[in-house]
Participant: 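Before I ask anything, let me first share the structure, which is written out below as structure tokens.
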Amino acid sequence: MASAFLTTATTPTSLSFASSSIFLSSHQFHIHKFNFPILPLTSATTSLSISCKASPIPVLNFSGEKVGESFLDLRSAPPSTARAVVHRAVVTDLQNKRRGTASTLTRAEVSGGGRKPYPQKKTGRARRGSNRTPLRPGGGVIFGPKPRDWSVKINRKEKRLAISTAVASAASSAVVVEDFAAEFAEKPRTREFIAAMKRWGLDPKEKAMFLMTEVPENVRLSSRNIGTLKMHTPRTLNLFDILDADKLVLTQDAVDYLNQRYGADYLGSDDEDEEEEDDYEGDEEGVVDGEEGTATEDSDVVN
């Protein structure tokens with residue numbers, strides 16, 4: 001559980017993201033029970049971000065044995081605004097993914113309907129001027145969707161703060177593993193990858209997100225048939241998958257990257273954020289394991 005280093009005279013209580021009214025059922029994805037301490041608002045807590053150091057995260061080897069501990073020292077939003085910052089970033093990401101190509105035809109755009117179907121009077125029927133009226137099958141659509149731009153803007157620093165806040169909150173369900181690329185150097189093995197997940201305390205039927213600085217080809221092939229697993233690199237890291245995952249698995253290089261990129265002492269420029277955002281937009285799915293390829297030997301599909 002992430003703890004904020006702020007001086008206060010009272011004992012903080014917990015605030016759960018899952019109990020917030022901003023995460024409505026319309027979003028249709030699982031939310032971590034992220035906890036933030038509730039601190040009284042004073043002149044010392046008016047900062048837009050605070051340093052948030054998580055509890056020690058165990059470091060496991062490929063056999064599942066604990067070989068050390070690691071820490072996440074990230075910049076996090078204050079408890080009074082953390083929920084709103086994360087929610088705004090999630091809504092922005094989901095809305096910017098909309099293509100906005102839905103289109104319908106009005107009665108003026110539907111082919112046909114130029115001839116009056118029958119005379120105005122002396123038929124005993126209701127008057128009608130066209131067969132393409134919206135009241136009849138095959139007619140136009142009233143107030144139907146038209147192509148539009150759904151994209152909304154969010155400040156780069158705000159988006160970065162939302163990601164670091166979510167990662168710091170998910171530290172309680174995170175685990176750090178040693179580099180295991182050498183274990184799959186010969187050939188990809190999905191069954192062996194699933195066995196390693198179980199040794200790390202992961203349930204293959206629960207959603208898990210792996211963050212590695214680089215994903216070797218055999219590791220990608222070994223994990224792509226596991227439907228509950230998302231394999232990410234720093235270029236494809238996104239807020240939605242962090243919130244949607246039940247478990248967060250990091251390598252030590254990924255921990256160092258997070259502490260450097262989202263830490264309290266980060267002094268990067270907006271050009272780096274713009275370059276990273278352009279790279280993410282180039283990858284529509286935002287995952288590494290979404291590419292097509294030939295089936296690997298002994299590939300067990302986990303639904």
Side-chain angles (χ1 to χ4, degrees), residues 1-3 5 32 34 51-76 160 163-186 188-189 192-204 206-224 226 228-239 241-268 272 276 279-280 286-289:
M1 171 179 175
S3 60
F5 291 104
H32 279 293
F34 295 158
S51 177
C52 187
K53 189 171 184 179
S55 303
I57 304 175
V59 179
L60 308 179
N61 58 17
F62 190 74
S63 301
E65 300 173 352
K66 183 177 179 180
V67 294
E69 293 181 343
S70 184
F71 293 89
L72 282 174
D73 189 6
L74 306 178
R75 178 177 297 176
S76 178
R160 186 169 64 240
I163 293 178
S164 62
T165 301
V167 173
S169 303
S172 59
S173 60
V175 62
V176 179
V177 298
E178 292 183 335
D179 187 16
F180 53 89
E183 304 294 337
F184 300 92
E186 296 182 359
R189 297 279 294 184
E192 182 61 29
F193 195 93
I194 294 176
M197 291 178 60
K198 293 179 180 179
R199 291 194 295 267
W200 295 332
L202 307 177
D203 186 354
E206 292 183 352
K207 296 180 180 179
M209 194 196 82
F210 279 66
L211 179 60
M212 307 173 63
T213 54
E214 183 180 357
V215 181
E217 181 66 13
N218 284 346
V219 174
R220 184 187 69 84
L221 294 176
S222 299
S223 62
R224 66 175 180 175
I226 305 177
T228 57
L229 185 145
K230 294 289 184 67
M231 191 75 69
H232 283 284
T233 63
R235 185 177 66 86
T236 61
L237 180 64
N238 62 89
L239 183 60
D241 287 338
I242 296 174
L243 298 175
D244 192 38
D246 297 315
K247 293 289 185 179
L248 183 63
V249 182
L250 309 171
T251 61
Q252 187 57 51
D253 291 340
V255 173
D256 296 338
Y257 165 79
L258 291 174
N259 289 333
Q260 179 183 2
R261 181 67 176 81
Y262 299 100
D265 299 330
Y266 175 72
L267 300 176
E272 298 179 9
E276 182 174 308
D279 290 340
Y280 175 69
V287 294
V288 178
D289 60 341

Participant: Going by the rule salt bridge (charged side-chain N to carboxylate O under 4.0 Å, His left out), which residues pair with E69 if we only count those two or more places apart in sequence or in a different chain?
Facilitator: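 Salt bridge (charged side-chain N to carboxylate O under 4.0 Å, His left out) check on E69 returns K66.
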Participant: Does a salt bridge link R199 with E192, judged by any charged N lying under 4.0 Å from a carboxylate O?
Facilitator: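 Between E192 and R199 there is a salt bridge, with a charged N closer than 4.0 Å to a carboxylate O.
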Participant: Given M209, which partner from the list L248, L250, L229 fulfils the side-chain contact (heavy atoms from CB on, under 4.5 Å) test?
Facilitator: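 Between M209 and the candidates, side-chain contact (heavy atoms from CB on, under 4.5 Å) is satisfied uniquely by L248.
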Participant: Please identify each residue that fulfils side chain to side chain contact (heavy atoms under 4.5 Å, CB included) with N61, with sequence neighbours left out.
Facilitator: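 Counting only residues at least two positions away or on another chain, N61 forms a side chain to side chain contact (heavy atoms under 4.5 Å, CB included) with S63, E65, V67, E178.
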Participant: Between the side chain of D246 and the main-chain N/O of A208, is any donor-acceptor distance below 3.5 Å?
Facilitator: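 The answer is no, because no donor-acceptor pair under 3.5 Å joins these two groups.
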Participant: I'd like to check the side chain to side chain contact (heavy atoms under 4.5 Å, CB included) partners of V175; sequence neighbours left out, ordered by chain and number.
Facilitator: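 Residues passing side chain to side chain contact (heavy atoms under 4.5 Å, CB included) with V175: L60, V249.
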Participant: For F193 and I226, run side chain to side chain contact (heavy atoms under 4.5 Å, CB included): C-alpha distance rounded to whole Å, both residues' side-chain angles, the deciding distance at 0.1 Å, then the answer.
Facilitator: CA-CA 9 Å; F193 195 93; I226 305 177; 3.7 Å; yes
Participant: For Y262, does the six-membered ring have the charged nitrogen or CZ of R75 within the cation-pi criterion, i.e. under 6.0 angstrom from the centroid and within 45° of the normal?
Facilitator: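 Not flagged: R75 not positioned over aromatic ring of Y262.
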Participant: Search all heavy atoms of N218 against all heavy atoms of F184 and return the closest pair with its distance.
Facilitator: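 Shortest heavy-atom contact: ND2-O, 2.8 Å.
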Participant: Which residues pass the side chain to side chain contact (heavy atoms under 4.5 Å, CB included) test with Q252, not counting sequence neighbours?
Facilitator: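 Partners of Q252 by the side chain to side chain contact (heavy atoms under 4.5 Å, CB included) criterion, ordered by chain and then number, come out as V59, S70, V176, V255, D256.
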Participant: Please say which of T236, I242, D241 ends up in a side-chain contact (heavy atoms from CB on, under 4.5 Å) with N238.
Facilitator: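 Exactly one pass, corresponding to D241.
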Participant: Which residues pass the side-chain hydrogen bond (donor to acceptor under 3.5 Å, both in side chains) test with D253, not counting sequence neighbours?
Facilitator: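 In terms of side-chain hydrogen bond (donor to acceptor under 3.5 Å, both in side chains), with neighbours along the sequence ignored, D253 is linked to no residue.
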Participant: Take the angle between the ring planes of F210 and W200 and call it parallel below 30°, perpendicular above 60°, tilted in between.
Facilitator: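 F210 vs W200 ring planes: tilted.
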